[in-house]
Amino acid sequence: MTVNLLNYSQPQLAEYFHGLGEKPFRAKQLMRWMHHFGVHDFDQMTDIAKSLRDKLKDQAEITPPGIKLEQISEDGTRKWLIDAGTGNGVETVFIPEAERGTLCVSSQVGCALECTFCSTGRQGFNRNLTVSEIIGQLWVANKALGRDPKGDRIISNVVMMGMGEPLANFDNVVTALNIMLDDSAYGLSRRRVTVSTSGMVPAMDRLRETCPVALAVSLHAPNDALRDVIVPINKKYPIKELMAACQRYLEKAPRDFVTFEYVMLDGVNDSVEHARQLLDIVRDVPCKFNLIPFNPFPNSGYDTSKPEAIRRFRDVLMQADYVVTTRKTRGDDIDAACGQLAGKVQDKTRRTERNKVMQVISVEKTV
């Protein structure tokens, strides 16, 4: 059976080559060809013996995911719909800025967590992405952006903030993270790779021990009653447990703070009182805040907070000496902004069907 070598980290490749009777250093060579140089043709790997290249051609492949669609926003943001097979697709977004280029990477086809403000969450869930499909997004984006392996990085930062909950696909995500950090592959700093989680507390502890990178937490509410509705996983891991997990994570994190992401929903979570409650729950966690104006999508049921409400909310946090950024909406004209990624999901959870039934019931009750 042919294996896709994009699924392997360097230690896993060394084990694979051991099985072929080859020396472990072959793993480092192959990593450089695959990831640093973006080569998928074994014949181009000129410092590998022809006999080994022939063996690899018979037994292995380097197959990145295909691109189904590419869109470019007026602001330079680029979005790719990546083929995930059987009619499925996941979305990857590149956000260019003056001093860095950030790639937003997906980890699942859809998402099982059902956060109410998120377009991906409304689509249901199909499956976890493989390592090759996760790291393949970085591979494909580098190719599409015309990266020169001998030049400066175009993609300087990676955020696991695309479709899916990264820590729900823990093993595959961690293997992909290790490839991103590998000096023979992409050589990214732990400070420049961020995992965003909705609050899977046990997996946060595992990440802390196995591959501590920068951490962002999708908070979005300052009390359990509201967060239970907006981010349903809060019912399993409430805010007090989540804050304790953040404190533990910082013991080994490459940054000395957690970033709390907070989507601003008009009349829902954006009052001055909500901001004061937020200060209360984070007082023991070194952190900064990223306020995210809600990006509407059809039938979301939410509106974007008014600029004045966002300003008042921000000022309460800043007056308490916290660093606060308000995320600039990027790529919204191609539905590439935060919360808008939907891809194409053959929903195994039948969430779309259930939502339609609930809408019909609601209408009948109203009538």
Side-chain angles (χ1 to χ4, degrees), residues 6 9-10 31-39 64-65 67 70-80 82 90-107 129 131-164 166 173-197 207 211-217 253-259 261 288-290 292 323 325-332 334 336-338 341:
L6 283 178
S9 64
Q10 186 168 167
M31 288 291 286
R32 284 186 58 78
W33 282 112
M34 283 195 300
H35 297 292
H36 183 73
F37 292 106
V39 170
I67 297 175
E70 179 177 6
Q71 294 173 281
I72 303 177
S73 168
E74 292 181 359
D75 63 20
T77 298
R78 296 175 69 161
K79 183 175 77 170
W80 297 276
I82 303 293
V90 297
E91 293 178 335
T92 306
V93 177
F94 174 69
I95 305 166
E97 298 178 89
E99 296 181 356
R100 64 181 179 181
T102 301
L103 189 70
C104 182
V105 172
S106 295
S107 57
L129 293 179
V131 176
S132 63
E133 290 170 327
I134 298 169
I135 200 66
Q137 294 170 64
L138 180 52
W139 197 99
V140 164
N142 270 322
K143 280 283 188 182
L145 293 168
R147 175 181 176 261
D148 177 3
K150 297 180 181 179
D152 294 333
R153 287 192 181 101
I154 298 175
I155 298 171
S156 61
N157 295 63
V158 173
V159 293
M160 298 296 304
M161 296 181 184
M163 296 174 63
V173 165
V174 166
T175 299
L177 292 176
N178 282 323
I179 296 171
M180 294 176 197
L181 301 172
D182 193 320
D183 287 338
S184 297
Y186 299 98
L188 292 171
S189 159
R190 290 182 187 271
R191 294 169 59 88
R192 291 183 174 270
V193 177
T194 301
V195 167
S196 175
T197 179
L207 186 67
C211 188
V213 292
L215 181 70
V217 173
R255 293 183 179 273
D256 57 1
F257 61 86
V258 172
T259 298
E261 299 167 302
K288 73 174 188 178
F289 297 99
N290 188 2
I292 307 168
V323 174
T325 58
T326 301
R327 184 177 294 178
K328 181 181 178 183
T329 298
R330 300 290 301 271
D332 57 333
I334 56 171
C338 182
L341 301 190

- Are any non-hydrogen side-chain atoms of Met160 and Val213 less than 4.5 angstrom apart?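 No, their side chains stay 4.5 Å or more apart.
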
- Minimum side-chain heavy-atom gap Thr259-Thr194 below 4.5 Å: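 Not in contact.
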
Exercise: identify the closest heavy-atom pair between [X] and [Y]:
| X | Y | value |
| --- | --- | --- |
| Val140 | Pro65 | CG2-O, 3.4 Å |
| Gly146 | Ile154 | C-CD1, 4.1 Å |
| Phe37 | Pro149 | CD2-CB, 3.7 Å |
| Cys211 | Leu181 | SG-CD1, 3.8 Å |
| Gly164 | Ser107 | C-OG, 3.7 Å |
| Pro166 | Val195 | CB-CG1, 4.1 Å |

Approximate separation, where rounding is to 0.5 Å, of [X] [atom1] and [Y] [atom2]:
| X | Y | atom1 | atom2 | value |
| --- | --- | --- | --- | --- |
| Ser9 | Met180 | OG | CE | 13.0 Å |
| Leu6 | Ile134 | CG | CD1 | 12.0 Å |
| Ser196 | Met161 | OG | CE | 4.5 Å |
| Thr326 | Ile292 | OG1 | CD1 | 10.0 Å |
| Thr325 | Asn290 | OG1 | CG | 4.0 Å |

- Passing option when Trp80 is tested against Gln137, Glu91, Gln71, Glu70 for side chain to side chain donor-acceptor pair (under 3.5 Å):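 Among Gln137, Glu91, Gln71, Glu70, the one that satisfies the side chain to side chain donor-acceptor pair (under 3.5 Å) with Trp80 is Glu70.
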
- Do Glu133 and Ile82 pass the side-chain contact (heavy atoms from CB on, under 4.5 Å) test, and can you show the C-alpha distance, the side-chain angles, and the key distance before you say yes or no? CA-CA 9 Å; Glu133 290 170 327; Ile82 303 293; over 6 Å; no

- Can you list every side chain to side chain donor-acceptor pair (under 3.5 Å) pair that touches residues 174-187, not counting sequence neighbours?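 Sorted pair list: Gln10-Asp182, His35-Tyr186.
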
- Could you list the residues that satisfy ring pair (Phe, Tyr, Trp, His ring centres under 6.0 Å) with Phe257, not counting sequence neighbours?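 Phe257 satisfies ring pair (Phe, Tyr, Trp, His ring centres under 6.0 Å) with no residue once adjacent residues are dropped.
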
- Query: With sequence neighbours left out, what residues match Arg255 under salt bridge (Lys or Arg N to Asp or Glu O under 4.0 Å)?
  - Reply: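 Per chain and number, Arg255 pairs via salt bridge (Lys or Arg N to Asp or Glu O under 4.0 Å) with no residue.
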
- Item | Listed partners of Thr197 passing side-chain contact (heavy atoms from CB on, under 4.5 Å), at least two apart |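 Thr197 satisfies side-chain contact (heavy atoms from CB on, under 4.5 Å) with Glu165, Leu167, Met200, Met204, Leu215, Val217 once adjacent residues are dropped.
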
- Message: Ile179 and side chain to side chain contact (heavy atoms under 4.5 Å, CB included): which single residue from Leu188, Val131, Leu138 fits?
- Response: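 One option only clears the test, and that one is Val131.
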
- Item | For Arg192, all residues meeting side-chain hydrogen bond (donor to acceptor under 3.5 Å, both in side chains), sequence neighbours excluded |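 With sequence neighbours excluded, Arg192 shows a side-chain hydrogen bond (donor to acceptor under 3.5 Å, both in side chains) to Asn157, given in chain and number order.
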
- Name all pairs fulfilling the salt bridge (charged side-chain N to carboxylate O under 4.0 Å, His left out) condition that reach into residues 141-162, sequence neighbours left out, sorted by first residue then second.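 Listed by first then second residue: nothing to list.
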
